[in-house]
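All figures in this text were calculated on a predicted structure; none of them were measured in a lab. Letters go in sequence order (proteins before strands), and every chain restarts at 1.
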2 protein chains.
Amino acid sequence: MSSVTNGNHERDLPAMTVQRIPLYLRCLLEAQGERLTVLNSKQLGERAGTNAAQVRKDLSHLGELGTRGIGYDVDDLVVHLMRRLGITESRFAAIIGAGRLGSAFLGYQGFVARGVQIVAAFDADPAKVGIEIEGLTVKSIDEFAQAVGNEGIELVLLTVPAVAAQRACDVVVAAGIKAILNFAPCTLSVPDDVTVRQADVAADLQILSFHLNRASSGGETR
Amino acid sequence: MSSVTNGNHERDLPAMTVQRIPLYLRCLLEAQGERLTVLNSKQLGERAGTNAAQVRKDLSHLGELGTRGIGYDVDDLVVHLMRRLGITESRFAAIIGAGRLGSAFLGYQGFVARGVQIVAAFDADPAKVGIEIEGLTVKSIDEFAQAVGNEGIELVLLTVPAVAAQRACDVVVAAGIKAILNFAPCTLSVPDDVTVRQADVAADLQILSFHLNRASSGGETR
DNA sequence: TCGTGTGAAGCGCTTCACAGCA
DNA sequence: TGCTGTGAAGCGCTTCACACGA
């Protein structure tokens, strides 16, 4: 009603654009490491594995971030993408399930640079509670709700066995968490306002297996 | 040229259908565990988190697998989907990078039931070579090409740091591997006939973070 | 009757092509 | 001149609605 050049560039990004923003951000951080200050849509597209038109269309949804005749300022764009992703300040995450996979993520040093900080680990198994993994003491799942408030936890990585996943998920949802990354190969039931992303490694391998078939068989039917 | 009811149900599935087949398969295996013999499209859709129309359209691409008025025979469908994915016999996979994440997958018992068997682990670090993880001795990456032939390896899980990923990838591709699941947060350059799937946990968390923003802010612009 | 298989409609994403601006 | 931002065209996926068949 008052702004002129500022269109409705605030909410409602296409789902596919949202999925690519982390990819663009990663490529831009790489470019920063190479001391590049400007990237055009073609260059960014090549790094991200897409094309220039896709990059321009995606970024145009965020506002007019580029300079015609020049390209995109790398530092500027990094800030804009981080702001859109809500990671200008690190988001705090918790791991539920201190098994092999959960421990691997606890020890991974790469999350902080991507705007996520793992601040706590929980397990339902009393044998796991109290042990220290990568400098963090595993807490009981019973303490989860309290920890969410105390530590500002907003994201959950669910790394429990499939049979325990729904139970753990219920605890997480009851504590007010709205975003879950589920590594268990099962469908989780959650309220509409909770977002679940599925990370099923076996499914990924099956998809790759499918593509192996397509490549090898020349064209015979049997 | 001779078959009557058999249309061209052999190759060329829509990409999105291929992505959902592992999901359907997982739901069907669950149903088998519950001693269910028949599922209709609505029931399968609910389990898979989609709808009946989507299920029917997807499965129709594989042939006429259902029975009108009844639904789909669970065992039959499992066999069909596994055949399409090329996992009627287990596919053999190798892990490159015997770090925390690679070790976690080596110890995961759930792959075999999904048609994938991890048969070897490799690392470029001489300090890692020779150590035993979950009953498997870590080999040098230099032995990879030979092992591919000896052990029938067709899939690779790449769990090395980002800086080492392209180098490791080149070794894998040179050994004739056509399918790679890359856990390193970087874009890999591969020939056209090699399929790479990206598994970037930090990117998934960033997407979840974006959705947190959308949910919390009621509608104000600033 | 009930549920599949399927053409057709609907919808969203991708690509194109070019106007607009530094 | 060179590259962005963007309407429009193109394309593929999803959803609908119903004929067909057990």
Side-chain angles (χ1 to χ4, degrees), chain A residues 3-21 23-24 27-28 31 36-74 76-77 80-81 84 207 210, chain B residues 3-21 23-24 27-28 31 36-74 76-77 80-81 84 207 210:
Chain A
S3 60
V4 182
T5 51
N6 185 20
N8 53 344
H9 290 308
E10 277 308 318
R11 236 158 291 279
D12 291 328
L13 304 190
M16 292 298 122
T17 299
V18 174
Q19 296 222 355
R20 280 186 294 265
I21 288 178
L23 178 61
Y24 296 144
C27 295
L28 289 164
L36 296 172
T37 58
V38 175
L39 241 55
N40 64 35
S41 58
K42 185 158 168 258
Q43 297 168 318
L44 183 50
E46 273 166 16
R47 284 169 180 261
T50 44
N51 58 63
Q54 184 78 81
V55 169
R56 288 203 303 278
K57 183 67 88 179
D58 282 337
L59 297 183
S60 75
H61 290 125
L62 309 176
E64 304 206 0
L65 306 177
T67 310
R68 293 169 197 235
I70 305 289
Y72 299 91
D73 184 278
V74 173
D76 269 13
L77 197 45
H80 274 278
L81 296 189
R84 266 315 171 95
I207 294 168
F210 174 85
Chain B
S3 60
V4 182
T5 51
N6 185 19
N8 53 346
H9 290 309
E10 277 308 317
R11 237 157 288 280
D12 291 328
L13 303 190
M16 292 298 123
T17 299
V18 173
Q19 297 222 355
R20 279 185 295 265
I21 288 178
L23 178 60
Y24 296 143
C27 295
L28 289 164
L36 297 173
T37 58
V38 175
L39 241 56
N40 64 36
S41 58
K42 184 157 169 259
Q43 296 168 318
L44 184 49
E46 273 166 16
R47 285 169 181 260
T50 44
N51 58 63
Q54 185 77 83
V55 170
R56 288 203 302 278
K57 182 67 88 178
D58 282 337
L59 297 184
S60 74
H61 289 125
L62 308 177
E64 304 207 1
L65 306 177
T67 309
R68 293 170 194 230
I70 306 290
Y72 299 90
D73 183 277
V74 174
D76 269 14
L77 197 46
H80 274 279
L81 296 190
R84 266 315 171 96
I207 294 168
F210 173 86

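The minimum heavy-atom distance linking Asp58(A) with Tyr24(A) is given by the pair OD2-OH, 2.6 Å. Nearest approach of His61(B) to Leu13(B), heavy atoms of both residues: O-CD2, 3.8 Å.
Listed by chain and residue number, nothing satisfies the salt bridge (charged side-chain N to carboxylate O under 4.0 Å, His left out) test with Arg56(B) (two or more places apart in sequence, or in another chain).
If you take CG of Leu13(B) and C1' of dC13(D), they are 14 Å apart, rounded to a whole angstrom. Here dG12(C) presents its C1' atom at 14 Å from CG of Asp12(A), a figure rounded to the nearest Å. Taking atom CG on Leu44(A) and atom P on dC3(D), their separation rounds to 14 Å, with Å as the unit. At whole-Å resolution of the value, CG in Leu62(A) and P in dT4(D) are 14 Å apart. The CG atom of Asn40(A) sits 12 Å away from the P atom of dG5(D) (whole-angstrom rounding). Rounded to whole Å, the distance from CG on Asp73(B) to P on dT4(C) is 13 Å. If you measure from atom CG of Leu39(A) to atom C1' of dT4(D), you get 14 Å, rounded to the nearest angstrom.
For the atom pair CG of Leu59(A) and CD1 of Ile21(A), the computed distance is 8.0 Å after rounding to the nearest 0.5 Å. Of the inter-residue distances, the one linking Lys57(A) atom NZ with Arg20(A) atom CZ reads 11.5 Å to the nearest 0.5 angstrom. Separation of atoms CG (Leu44(A)) and OG1 (Thr50(A)) is listed at 7.0 Å; rounding is to 0.5 Å. The line from NE2 of His80(B) to CG of Leu28(B) is 12.0 Å long, rounded to the nearest 0.5 Å.
Backbone-only engagement by Ala15(B) is indicated by non-hydrogen atom pairs under 4.0 Å involving sugar-phosphate atoms exclusively. Using a 4.0 Å heavy-atom cutoff across all strands shown, Leu65(B) reaches sugar-phosphate atoms only and no base atom.
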Derivation and outcome, side-chain contact (heavy atoms from CB on, under 4.5 Å), residues Thr17(A) and Leu62(A): CA-CA 10 Å; Thr17(A) 299; Leu62(A) 309 176; 5.5 Å; no
Evaluation steps, side-chain contact (heavy atoms from CB on, under 4.5 Å), between Gln43(B) and Leu36(B): CA-CA 11 Å; Gln43(B) 296 168 318; Leu36(B) 297 173; over 6 Å; no
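When the local axes at the two ends of the helix from dT1(C)-dA22(D) to dA22(C)-dT1(D) are compared, using 5 base pairs at each end, they differ in direction by 10° after rounding to 10°.
Contact check, Tyr72(B) against dA22(D): no side-chain N or O comes under 4.0 Å of OP1 or OP2.
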Nucleic acid footprint by protein, nucleotides 14-22 of chain C - heavy-atom cut-off 4.0 Å, B for base, S for sugar-phosphate alone: SB-B--BBS
